[in-house]
2 protein chains.
Amino acid sequence: VPRIVDHEQRRARFAEAAAEVIATSGVEGLTMRDVARRAGSSTGMLTHYFADRDELLLATFLHAAAAAGHRIERSLQRGLDPLDALVEGALPLDAQRRRAWQVWLAFWGSSIGRSDLAAEQRRIQRAFHRRVQAAVEAARTSGRFHPDTDVEATTAAITSLIDGLALQVTFDPRAWPAARQRGVLNAALAALGGGGRRVD
Amino acid sequence: VPRIVDHEQRRARFAEAAAEVIATSGVEGLTMRDVARRAGSSTGMLTHYFADRDELLLATFLHAAAAAGHRIERSLQRGLDPLDALVEGALPLDAQRRRAWQVWLAFWGSSIGRSDLAAEQRRIQRAFHRRVQAAVEAARTSGRFHPDTDVEATTAAITSLIDGLALQVTFDPRAWPAARQRGVLNAALAALGGGGRRVD
């Protein structure tokens, strides 16, 4: 149904324009007018899709989260190990993924003191947690992780590692080329999943 | 010199009032008027200390960072292992430390697209990194961590773990009582520092 495709494409284009505005002018510089202009559209058209700035900010956040989900899915379909697919899909390894982290950090900051936005973040956070947990369980099954791995604690640690590393990279990208990010993450994954094996 | 003490105390009081405003109304609700009112003062007095909202936001961020530094220092002076002092001082284990994380997340969000604020975050981030590195080196010396521990990679991983776990806790505090935070962090620390020991 072409009209639905058009609608979704236009929403995505506005969300990407909003991400660019956030990255260059900050979240406080996010105005309906600037986003419309950056998308080559009009404020009237933009408000047809998003009633206000809050709705646009939320959509921009969810769009970046969905894009990360698609990156991870594509890596899984290419046969990548689920843990590696997470690392490749989630870490800020290139400009596109750094932009996603800028959007997420901007959204998180805006969610402090805003229970409606915080609830959306909690929902996305739990979905990411489930994805990490599935990867940890797969690693235990495949033998990459020791069978005695504590799935719950390891899932929380890996989720924390990815988010915390991305935070460091976002504010210091020149210190963090992709190879250094992968090196730190993979060494930590090996320690978290392999420690148990060496005990017995 | 009492006047300097007064000055510092009043700055601290304004920074704490600003943290409360951020936690309840969000960073976009941070106005000079509301912060002055919450501190039981006047906008005129507040602008005597902070020229504008940006200056106040930065001071609020730095105040929370300094308070975390003092918590860690006090724990070290009480004889806590440096890694444990970091965990106790930095994780959002109680209401006061959860408030600090709300301030940091709000500030990080505001720093996206703002090179002046991002530079301050980078400076604080590097200082925290040095503190973690000193704790990793101490753990290697004391035998808590294996002598072959890769200090640089382990420092980056522990910094990431603390920041990433705090992020999860901030948006889902009921799911993260202090005991669960400590459990996840301590298990991860044991894996990161102990894996090497079991190889030989």
Side-chain angles (χ1 to χ4, degrees), chain A residues 21-30 101-103 105-114 117-119 121-122 125-126 129 150 152-154 156-168 170-172 175-176 180-181 183-185 187-188 190-199, chain B residues 21-30 101-103 105-114 117-119 121-122 125-126 129 150 152-154 156-168 170-172 175-176 180-181 183-185 187-188 190-199:
Chain A
V21 171
I22 289 170
T24 49
S25 312
V27 69
E28 294 189 31
L30 182 73
W101 280 98
Q102 292 177 308
V103 168
L105 273 159
F107 183 80
W108 295 337
S110 298
S111 304
I112 298 298
R114 287 285 308 270
L117 301 181
Q121 159 56 15
R122 195 157 46 243
Q125 182 168 292
R126 286 179 179 167
H129 192 273
D150 177 336
E152 196 273 323
T154 307
I158 294 174
T159 307
S160 301
L161 271 169
I162 292 173
D163 286 345
L165 185 57
L167 173 73
Q168 292 180 61
T170 298
F171 286 110
D172 212 353
W176 285 99
R180 186 179 174 209
Q181 297 181 47
V184 165
L185 230 300
L192 290 172
R197 186 170 4 218
R198 293 162 185 155
V199 169
Chain B
V21 170
I22 289 169
T24 49
S25 313
V27 68
E28 294 189 32
L30 183 74
W101 280 98
Q102 291 177 308
V103 168
L105 273 159
F107 183 80
W108 294 338
S110 297
S111 305
I112 299 298
R114 287 284 309 270
L117 300 182
Q121 159 55 16
R122 195 158 44 245
Q125 181 169 291
R126 285 178 179 167
H129 192 274
D150 178 336
E152 198 271 324
T154 306
I158 294 174
T159 306
S160 301
L161 271 169
I162 292 173
D163 285 345
L165 185 57
L167 173 72
Q168 292 181 62
T170 299
F171 285 111
D172 212 352
W176 285 99
R180 188 180 173 207
Q181 297 181 47
V184 165
L185 230 298
L192 290 171
R197 186 172 3 219
R198 293 159 184 157
V199 168

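Heavy atoms only: backbone and side chains are in, while hydrogens, waters and symmetry mates are out. Residue numbering restarts at 1 for every chain, and letters A, B, ... go by the order of the sequence lines.
With hydrogens and angles left out, the side-chain atoms of Q168(A) and T159(B) include no donor and acceptor closer than 3.5 Å.
When each of L185(A), L167(A), D163(A), I158(A) is scored by its heavy-atom pairs under 4.5 Å with chain B, the top score falls to L167(A). Each of G113(B), S160(B), S25(B), S111(B) has some count of heavy-atom pairs under 4.5 Å with chain A, and the biggest count is that of S160(B). Among the candidates H129(B), R114(B), R180(B), the residue making the largest number of heavy-atom pairs closer than 4.5 Å to chain A is R180(B).
Of the two parts of A23(A), only the backbone, made up of N, CA, C and O, holds a non-hydrogen atom closer than 4.5 Å to a non-hydrogen atom of chain B. Both the backbone and the side chain of Q102(A) come within contact range of chain B, with heavy atoms under 4.5 Å apart. For A188(B), the parts sitting under 4.5 Å from any heavy atom of chain A are the backbone and the side chain alike.
The shortest heavy-atom contact between V27(A) and G109(B) is CG1-O, 4.0 Å. Between F171(A) and W108(B), the shortest heavy-atom distance links the atoms CZ-O, 3.6 Å.
Taken to the nearest 0.5 Å, the CG atom of L192(A) stands 5.5 Å off from the CG atom of L192(B).
Looking only at side-chain heavy atoms (C-beta outward), I112(A) and T170(B) come within less than 4.5 Å of each other. Using a 4.5 Å cut-off on side-chain heavy atoms (C-beta onward), Q121(A) and D172(B) make no contact.
Partners of R122(B) by salt bridge (Lys or Arg N to Asp or Glu O under 4.0 Å), not counting sequence neighbours: none found.
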